[in-house]
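Structure first, then comments.
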Amino acid sequence: MELEKEKEVTQEQLLKAAKKSGFAGGITTGLVIGAIMICTSYIASQLTPKLSATVSDSKEEASGDVIDNDVVKKLKLLEDSIDKYYLEDVETEQVENSLYKGFVAGLGDPYSTYYSKEELEEVYDSTEGIYYGIGAYISLDEATGGGKITKVMPNTPAEEAGVHDNDIIVAVDGENVLGMTLSDIVSKVKGPENTQVTLTLYREGEADYLEIPVTRMKIESPTVTYEMYENNIAYIQITEFDSVTTDQFREKLNQAKAEGMKSLILDLRDNPGGNLSDVVDISGELLPKGLVVYTEDRDGKRKEYSCDGKNEIQVPMVVLVNGNSASAAEILAGAIKDYDKGTILGTTTFGKGIVQRIFGLSDGSAIKLTVSHYYTPKGNDIHGVGIEPDETLELDYEKYLEDRSDNQLERAKQILQKQQ
């Protein structure tokens, strides 16, 4: 309960500070301005037909309920006012993108967003394990509405600049990001190689925000790491589920088997998730024959994802999780727990039990929408709840920062030594 209270205080502090600095108004202003300069005939005749044609399972009447004649007329009035009175030059493309982003933001879903053509290319590049940024994993901190640094990669610009795990991104280059979607926050942090981005960070224990400049670099992110400990305890960490992850995992698992693995520690801590197809494929390297996960959309349509069980792991396993283990990481941990294939150790996971799909539009842009809930093999809906570990153990974070000792990892070794 104390943790919940601390989160509430943190959120209040951040929001108060945002209002004082003018950050909060910036978001609203951005959405309002974004709705002004677009040619209204383009909105009516181009955007809506593309959406209804591309997102074929959307209800036809949905867009008409929003973009009716009154809305078009009001947009035209706003456009005329801008043309007549606005002091500065207008970046038309920027305004267009703001309009589309604002339209999707009206859903109130932090996981649904609009991507411009350039942003979509960055999204696809990031799933290949290579991108240009600071070298840190970012998730959405629901308590504050900011971006949470869940993991700083070693030997990256973020580490060199002094960014820490669990820092909350309040602003990027002076622009407030509280309340933005995760995709928007990440897109602002990323950028061309050798350019600088300044992060405004909230760090627990600090009296004021930290302003940390970081130089972006090319980040090649291996998503799977491996070690072999004493007593033939193999350790495999998955940092996220990208298109490269399945092959990397198979390679490391086969290496562990070749080196005489007698038990396995699977580390999913700070894993924000990723591709559904990849987590299902990886589950096939560990689980018995049967259901891995199933989804249900708004109409109750169910889709099942299963594995054949041919590669079921035959050694004891401990799965490490924490509050930043989300989405696809929870699918894997939840399936392992339901099949009783390993001990779940750590703290309750994030609780993101919903699935998003990206729908491409004809101009190269796209819209990402939450389309379904997912459920563990036993039918558990973990959205907003998370997965409770079999054994709860908080990370001794102060000790970890001091000498990199990991009490959760050591406990996992103890459990497996008894099971071998």
Side-chain angles (χ1 to χ4, degrees), residues 129-130 135-137 149-156 158-159 164-165 219-242 244-274 278-279 281-287 311-322 324-325 328-329 332-333 336-337 341-347 349 389-391 393-420:
I130 298 176
Y137 296 103
I149 304 291
T150 57
K151 189 73 173 178
V152 176
M153 301 177 199
N155 305 314
T156 60
E159 182 182 63
H164 290 179
D165 295 354
I219 307 295
E220 297 186 18
S221 173
T223 61
V224 182
T225 57
Y226 162 76
E227 288 187 61
M228 181 66 80
Y229 297 131
E230 291 182 4
N231 301 310
N232 292 84
I233 298 175
Y235 169 87
I236 297 180
Q237 180 187 40
I238 305 176
T239 55
E240 60 185 344
F241 293 92
D242 292 336
V244 298
T245 305
T246 299
D247 288 340
Q248 291 179 5
F249 179 78
R250 285 174 177 153
E251 176 188 347
K252 300 304 182 184
L253 184 61
N254 288 334
Q255 182 180 347
K257 291 176 180 178
E259 294 179 0
M261 173 182 67
K262 293 183 179 179
S263 57
L264 173 64
I265 298 171
L266 180 62
D267 193 346
L268 300 179
R269 292 175 297 179
D270 302 317
N271 183 318
D278 285 284
V279 73
D281 289 342
I282 288 173
S283 298
E285 301 296 318
L286 301 170
L287 297 178
N311 300 312
E312 179 182 358
I313 194 167
Q314 299 299 330
V315 299
M317 179 168 51
V318 170
V319 182
L320 296 176
V321 297
N322 64 11
N324 295 323
S325 305
L332 182 53
I336 290 172
K337 183 173 184 177
K341 288 298 297 181
T343 301
I344 312 298
L345 172 66
T347 55
T349 61
D390 298 309
E391 181 178 327
L393 179 64
E394 295 276 354
L395 176 67
D396 188 340
Y397 195 67
E398 290 185 5
K399 189 67 174 172
Y400 179 78
L401 288 178
E402 180 183 327
D403 59 12
R404 292 296 176 180
S405 61
D406 187 335
N407 62 310
Q408 292 175 328
L409 179 59
E410 293 305 313
R411 176 56 184 155
K413 293 178 184 179
Q414 292 172 7
I415 293 172
L416 292 175
Q417 285 171 2
K418 293 178 180 180
Q419 295 179 354
Q420 285 183 355

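Quick caveat, the model's predicted, so the values are computed rather than measured.
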Close side-chain approach of Leu395 and Asn322, heavy atoms under 4.5 Å: no
More than 12 heavy atoms from other groups under 6.0 Å of CD on Glu230: no
Trace of the side chain to side chain donor-acceptor pair (under 3.5 Å) decision for Gln414 with Arg411: CA-CA 5 Å; Gln414 292 172 7; Arg411 176 56 184 155; 3.2 Å; yes
Residues, nucleotides or ligands: over 12 heavy atoms within 6.0 Å of Lys413 NZ: yes
Test item: Ile344 and Thr349 side chains (from C-beta on) under 4.5 Å apart, heavy atoms: no
Gap separating the OG atom of Ser325 from the CG atom of Asp267, nearest 0.5 angstrom: 8.0 Å
Heavy-atom closest pair, residues Val152 and Glu159: CG1-N, 3.6 Å
Matching residue for Tyr137 among Asn271, Asn324, Asp270, Thr239 - test: side chain to side chain donor-acceptor pair (under 3.5 Å): Thr239
Which residues share a side chain to side chain contact (heavy atoms under 4.5 Å, CB included) with Glu285, sequence neighbours left out: Phe249, Arg250, Leu253, Asn311
Side-chain heavy-atom pair Glu394, Thr347 within 4.5 angstrom cut-off: yes
Gln420 vs Asn231 side-chain heavy atoms within contact, under 4.5 Å: yes
Lys/Arg N to Asp/Glu carboxylate O, Lys341 vs Glu312, below 4.0 Å: yes
Flag side-chain contact, heavy atom, 4.5 Å: Asp390 against Leu345: no
Ion pair Arg269/Asp165, N-O distance below 4.0 Å: no
